[in-house]
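A short worksheet on the structure shown next.
Chain identifiers are assigned alphabetically (A, B, ...) following the order of the sequence lines, protein sequences preceding nucleic acid strands; residue numbering begins at 1 within each chain.
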Amino acid sequence: MTHPPYLYPGYRSTVLRAPARELVMPKLGPDSIELASPVFGHQELGRLDDDLTAQHSGEPLGERIIVTGRLLDASGRPVRGALVEVWQANAAGRYAHLGDRHPAPLDPNFTGAGRCLTDDEGRYRFVTIKPGAYPWRNHPNAWRPAHIHFSVFGTAFAQRLITQMYFPGDPLFAYDPIMQSISEQKDRDRLVSRLDMDTTTPEWALGYQWDIVLGDTPMEA
Amino acid sequence: MTDILDTVPDLAPTPSQTVGPFFGYALPYAEGPEVVPGWHPDAITVRGRVLDGAGAPVPDALVEIWQADADGRVPSGVGGLRRAPHDFSGFGRCATDPAGQYWFRTVKPGASGPDAPHIAVLVFARGLLKPVRTRLYFPQDAGAHEADPLLSAVPAERRPTLVAEAVAEAVSEAGGTRTYRFDIHLQGERETVFLGI
């Protein structure tokens, strides 16, 4: 099982929110609606939605990066035209969200939210700023490793996935209960992007590659 | 020499992680809860709360619905985020408010195949390392529920957690709008039935 359990007491908020009863499997598996997915078109997205550094009048502070990869199904086929949504903290580790009380500066030139559709090879691509680590109140001296939140649709609503992408070699991994909720190292590694010199644009931005694989839908042929 | 297995892509699924508390400026969008326009003659309202194991509202959950149209057809056109003004998108997204409440305006889906009419529901939240998936059925279809492949697999005492409650007939000049209440209990005595798919 590559997914984390619902209950992981080290991540305190799971204690009262994790379902405790056994999950029910419908006799016939996913139904016709769960095997289909909402469809999104280019006209539904804004022109600058995939460039998080270009959404304001000035350039955001921080380390400019390119994040790209492929969205694949369990058979390795590219998932084309799928909606990928991202959101993240700014370079100082602060979200442009009213609920974020971390005393780090907001950046007037960075909102930190983006969208794109995968291309014919299943590829997504964002230009953004490397997010900072930030503290949270899960336990004393708790810090989240730098991450970008990803929300993706597949070809079936049963494949819907929200997850987080991390950066290679972050020393905070070992202290992060959200990442450690995944029991196997090899599965945690699936959330870590890799620095890629082919994606890196000389004199401009480092590039990171990260592929996303969507789970099987049991009834799919 | 490289073993052929080294070149086979690793296709284990990417693990899920929590949506966290700070998605509110990124994922919700203006028409998210409006699966059909307000003037639609068959519009219904679905509303409810997301509650934790202590019965406290969950103010940082994201509820998504996905459903067939009134004739039981699965939507296949674009428009998930920006529905054409007269259209039905089939997809809705609503973040819960500080009282844990969400709402959608949609139409009652028609039946398709062996299934009683229902809406697919996904809930993401801080504290949920992966989403919970359930289905919303309608109280007037009790007959069809007997034969439904999911409901018939659920112990009778837990079936009511999957059936919305008809709460009001708010009459306006345009006619009545039927409202259904569907609370989602993540945990506890009244824990909603969640699906393992």
[X] ring center near [Y] ring center (under 6.0 Å):
X       : Y       : result
W66(B)  : F153(A) : no
F173(A) : Y175(A) : no
W210(A) : F150(A) : yes

**Fill in**
Counting heavy-atom pairs under 4.5 angstrom with chain B, the leader among R144(A), R12(A), R188(A), R115(A) is R115(A)

**Fill in**
If you tally heavy-atom pairs under 4.5 Å between each of L191(A), T111(A), L98(A), L45(A) and chain B, the highest tally belongs to L191(A)

So what's closer than 4.5 Å to chain A heavy atoms on [X]: side chain, backbone, both or neither?
X       : result
L27(B)  : both
S112(B) : side chain
F22(B)  : both
H185(B) : neither

Name the option with the most non-hydrogen atom pairs under 4.5 Å to chain A; the candidates are [options].
options                  : answer
L62(B), V50(B), D115(B)  : D115(B)
Y25(B), F23(B), F91(B)   : Y25(B)
V58(B), V154(B), V193(B) : V58(B)
L150(B), D52(B), L129(B) : L129(B)

**Asked** Which of parallel (below 30°), tilted (30 to 60°) and perpendicular (above 60°) describes H149(A) and Y95(A)?
**Response** tilted

**Request:** Return the orientation label for the Y102(B) and F104(B) ring planes: parallel under 30°, perpendicular over 60°, tilted otherwise.
**Result:** tilted

**Request:** Identify the residues of residues 133-148 of chain B whose heavy atoms come closer than 4.5 Å to a heavy atom of chain A, ordered by number, or report 'none'.
**Result:** R133(B), R135(B)

**Request:** Answer yes or no: is there an ion pair linking R73(B) with D69(B), defined by an N-O contact shorter than 4.0 Å?
**Result:** yes

**Asked** Are a donor atom and an acceptor atom from the side chains of Q185(A) and D189(A) found within less than 3.5 Å of each other?
**Response** yes

